[in-house]
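Everything on this sheet refers to the single structure shown next.
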Amino acid sequence: MSGPRSVFALVDGNNFYVSCERLFNPRLEGVPVVVLSNNDGCAVARSNEAKALGIKMGEPWFELRELARRHPIQALSSNYTLYADLSARMMSILRQFAPRQEIYSIDEAFLDLSGQPGNLTDYGQAIRQRVSQWIGIPTCVGIGPTKTLAKLANHIAKKRPEWAGVCDLTAAAPSAVEALMARIAVAEVWGVGRRLAERLQAQGITTVLDLQRLDPGLARRRYSVNMERSVWELRGRPCLPLEPITPPRQNILCSRSFGRPVTTLADLRQAVVTYASRAAQKLRQQQGATRVVEVFIQSSRFRSPFYGPSVKVPLAAPSDDSRTLARAALQGLERIYRPGWSYVKAGVELQAIQPRDTGWTADLLAAPDTRSAPLMRTLDAINSRMGAGTLRLAGAGIDPAWAMNRGRLSPAYTTRLGELPQACAR
DNA sequence: TCTGGGGTCCTAGGACCC
DNA sequence: TCTGGGGTCCTAGGACCC
């Protein structure tokens, strides 16, 4: 096993998307900035100034317009190409600070600091310093004996200025850790969301310390095995290992809200072919093959009645061919489409994914398609070189009416212009 | 008028079997 | 009148994460 005592660090970028945008646009400094979700729908990242105005995570932009009239709020469409590029740079810097790293999300990584000599708070400051100097992204560092405690430490480092961006719970006295836990709401624990927080509070468990003191067996019986793990982790016993290798996805989903409502089957067919192709491309990237294609369409959830059917289409044999998956998705669409509805969203999800090339029973009734693999390789190669969407299935449509709105998009500062998917189409 | 996208895991309950 | 019981597998739905 690992050393005598585990130490984890969680490093994350502060207001990551906003920080990325600010790197290339100094006018965004010192003013409230929000980055909007696809279709410019909701705020998914907020600068400190925006948070100070009371803007909540996920708040719809149209509800913020009034606020924006009274304050100079800068709202930007999300530019994932830019964020992914800066994320990769940040992760490679962090990798220099630990023998093992788990990339947990676009802006967060766990580092294994077990056995790291010296003062870990100083080490955390060195990490922040280098990321800031090399790519200009501000970060916070939380350090603890378990991942859950590292997460909690990161929360403390972020919320309380006196920690100066680094909180090392392994260096704090047990009484000091308890005092901190007693002041933090149980909802801040990693794995405790809104619903569980409500249930816990109804049982009188309102702070992190209350949860830490809950009997683990009771936590399991009354809630779940995950809640029991959270209790142990808060007590300093690791239950969640560092996972340096990202396992292949078990499901691949591609879905988007439309730029405007769609009523016709023809438009939905274009969208479904587009999403199936994108999902197939991701599937090939992980050398997978799928046996089930699920397709869904939805009317607005904010209008009654709601219509949101879905259907799973099993394949005769596992496949990674865009054409096969698109055909299956279209078959499913025909079965669930009802005229007379206004659809705002569609999606294609690949399920029952398995490794390609290993142990699947070939479809005995069909002649093997020897041209599929080279064709798909060529498709992916062209799209990788010339930009996503350069080569598409005929059914996907050209400059479709339902495409996303991204009226506030910043330029692709760090990558080729051609890799900005929507900009070319306009 | 406007309300994101992409994942994972767990549990409850039904189907099925002996 | 009265309707086994336990194990396993699968699926749908819920809850969580960022």
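These numbers were taken from a predicted model, which means no experiment stands behind them. Any value given below was found using the heavy atoms of this structure, including those in side chains, with hydrogens, waters and symmetry copies removed. Protein chains get the first letters and strands the later ones, always in sequence-line order, with residue 1 at the start of each.
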Counting N and O atoms only, with roles assigned by atom type, does the side chain of [X] sit under 3.5 Å from a partner on the main chain of [Y], one being a donor and the other an acceptor?
X        : Y        : value
A/Asn154 : A/Cys140 : yes
A/Ser19  : A/Asn14  : yes
A/Asn79  : A/Ser410 : yes

Rounded distance in Å - [atom1] ([X]) to [atom2] ([N]):
X        : N     : atom1 : atom2 : answer
A/Phe62  : B/dT1 : CZ    : P     : 9 Å
A/Glu66  : B/dT3 : CD    : P     : 19 Å
A/Leu283 : B/dG7 : CG    : P     : 11 Å
A/Arg408 : B/dC2 : CZ    : C1'   : 12 Å
A/Asn226 : B/dT8 : CG    : P     : 15 Å
A/Ile103 : B/dG7 : CD1   : C1'   : 16 Å
A/Tyr104 : B/dG7 : OH    : P     : 15 Å
A/Phe306 : B/dT3 : CZ    : P     : 13 Å

Closest listed nucleotide, where the reference is the side chain of [X] and the choices are [options]:
X        : options               : result
A/Arg303 : B/dT3, B/dC10, C/dC16 : B/dT3
A/Asp107 : C/dC16, B/dC2, C/dC18 : C/dC18
A/Leu253 : B/dG7, B/dC9, B/dT3   : B/dG7
A/Val44  : B/dG4, C/dC16, C/dC18 : B/dG4
A/Ser255 : C/dC17, B/dG6, C/dC16 : B/dG6
A/Ser37  : B/dG4, B/dG7, B/dG5   : B/dG4
A/Arg65  : B/dG6, B/dC2, B/dC10  : B/dC2
A/Lys151 : C/dC17, B/dT8, C/dC16 : C/dC17
A/Arg229 : B/dC10, C/dC18, B/dG7 : B/dC10
A/Asn251 : B/dT8, B/dG6, C/dC17  : B/dT8

Here the helical stems involving DNA chain B, each at least 3 consecutive Watson-Crick or G-U pairs closer than 3.5 Å, sorted by first residue number, are B:5-18 with C:5-18
Applying a 4.0 Å non-hydrogen cut-off, can you work out what [X] is touching in the nucleic acid: base, sugar-phosphate, or nothing?
X        : value
A/Asn39  : nothing
A/Val35  : nothing
A/Gln250 : sugar-phosphate
A/Val192 : sugar-phosphate
A/Glu108 : sugar-phosphate
A/Ile252 : sugar-phosphate
A/Leu196 : sugar-phosphate

It should be established whether [X] places a side-chain nitrogen or oxygen under 4.0 Å from OP1 or OP2 of nucleotide [N].
X        : N      : result
A/Arg260 : B/dT1  : no
A/Ser257 : B/dG5  : yes
A/Lys147 : C/dC17 : no
A/Arg195 : C/dA15 : yes
A/Arg249 : B/dG6  : no

Inset, instruction - For A/Trp61 and B/dT3, say yes or no: do the ring centres fall under 5.5 Å of each other while the ring planes differ by less than 30°? - result: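 Here the ring of A/Trp61 and the base of B/dT3 are not stacked, as the 5.5 Å and 30° limits are not both satisfied.
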Less than 4.5 Å apart, any side-chain heavy atom of [X] and any of [Y]?
X        : Y        : value
A/Met181 : A/Leu152 : yes
A/Leu169 : A/Ile143 : no
A/Ile137 : A/Cys20  : yes
A/Phe306 : A/Gln298 : yes

Here's one to test your reading of the geometry: is the NZ or CZ of A/Arg338 within 45 degrees of the ring axis of A/Trp341 and under 6.0 Å from its centre? no
Report yes or no: is the cationic atom of A/Arg229 (NZ for Lys, CZ for Arg) under 6.0 Å from the centre of the six-membered ring of A/Trp232, at an angle within 45° of the ring normal?
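Because its charged atom misses either the 6.0 Å distance or the 45° angle limit, A/Arg229 does not stack over A/Trp232.
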Give, ordered by number, those residues of residues 85-96 of chain A having at least one heavy-atom distance below 4.0 Å to an atom of DNA chain B; if nothing qualifies, reply none.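 Within residues 85-96 of chain A, no residue comes under 4.0 Å of DNA chain B.
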Margin query: Between A/Arg408 and A/Glu21 (salt bridge meaning N to carboxylate O under 4.0 Å), is one present in this structure?
Written below: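 Not counted as a salt bridge, because no side-chain N and carboxylate O are separated by less than 4.0 Å.
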Quantified in whole Å, what is the C1' atom distance between nucleotide C/dC17 and nucleotide B/dG4? 15 Å
A/Tyr343 ring center within less than 6.0 Å of A/Phe258 ring center =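 No - the distance between ring centres of A/Phe258 and A/Tyr343 does not fall below the 6.0 Å cut-off.
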Would you say the ring centroid of A/Trp190 lies under 6.0 angstrom from that of A/Phe110? yes
Exercise for review: Check the pair A/Glu233 / A/Arg237 against side-chain contact (heavy atoms from CB on, under 4.5 Å), numbers first and verdict last.
Suggested key: CA-CA 5 Å; A/Glu233 287 246 321; A/Arg237 181 212 273 194; over 6 Å; no
ask   = Around A/Arg27, counting heavy atoms of other residues, nucleotides and ligands shown, do more than 12 lie under 6.0 Å from its CZ?
value =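 Check fails, neighbour count at 12 or below.
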- Query: More than 12 non-hydrogen atoms from neighbouring residues, nucleotides or ligands closer than 6.0 Å to CZ on A/Arg235, yes or no?
  - Reply: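 Above 12, so yes.
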Assign each of A/Tyr223 and A/Phe302 the nucleotide of DNA chain B bearing its closest heavy atom; nearer the 5' end lies the nucleotide of A/Phe302
Checklist line | A/Val225 vs A/Lys345, nearer the 5' end of DNA chain B by closest nucleotide | finding: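 Between the two, 5'-proximity favours A/Lys345.
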Expected rows: protein N/O vs nucleotides 11-13 of chain C N/O, under 3.5 Å:
from   : atom 1 : to       : atom 2 : distance (Å)
C/dA12 : OP2    : A/Lys312 : NZ     : 3.3

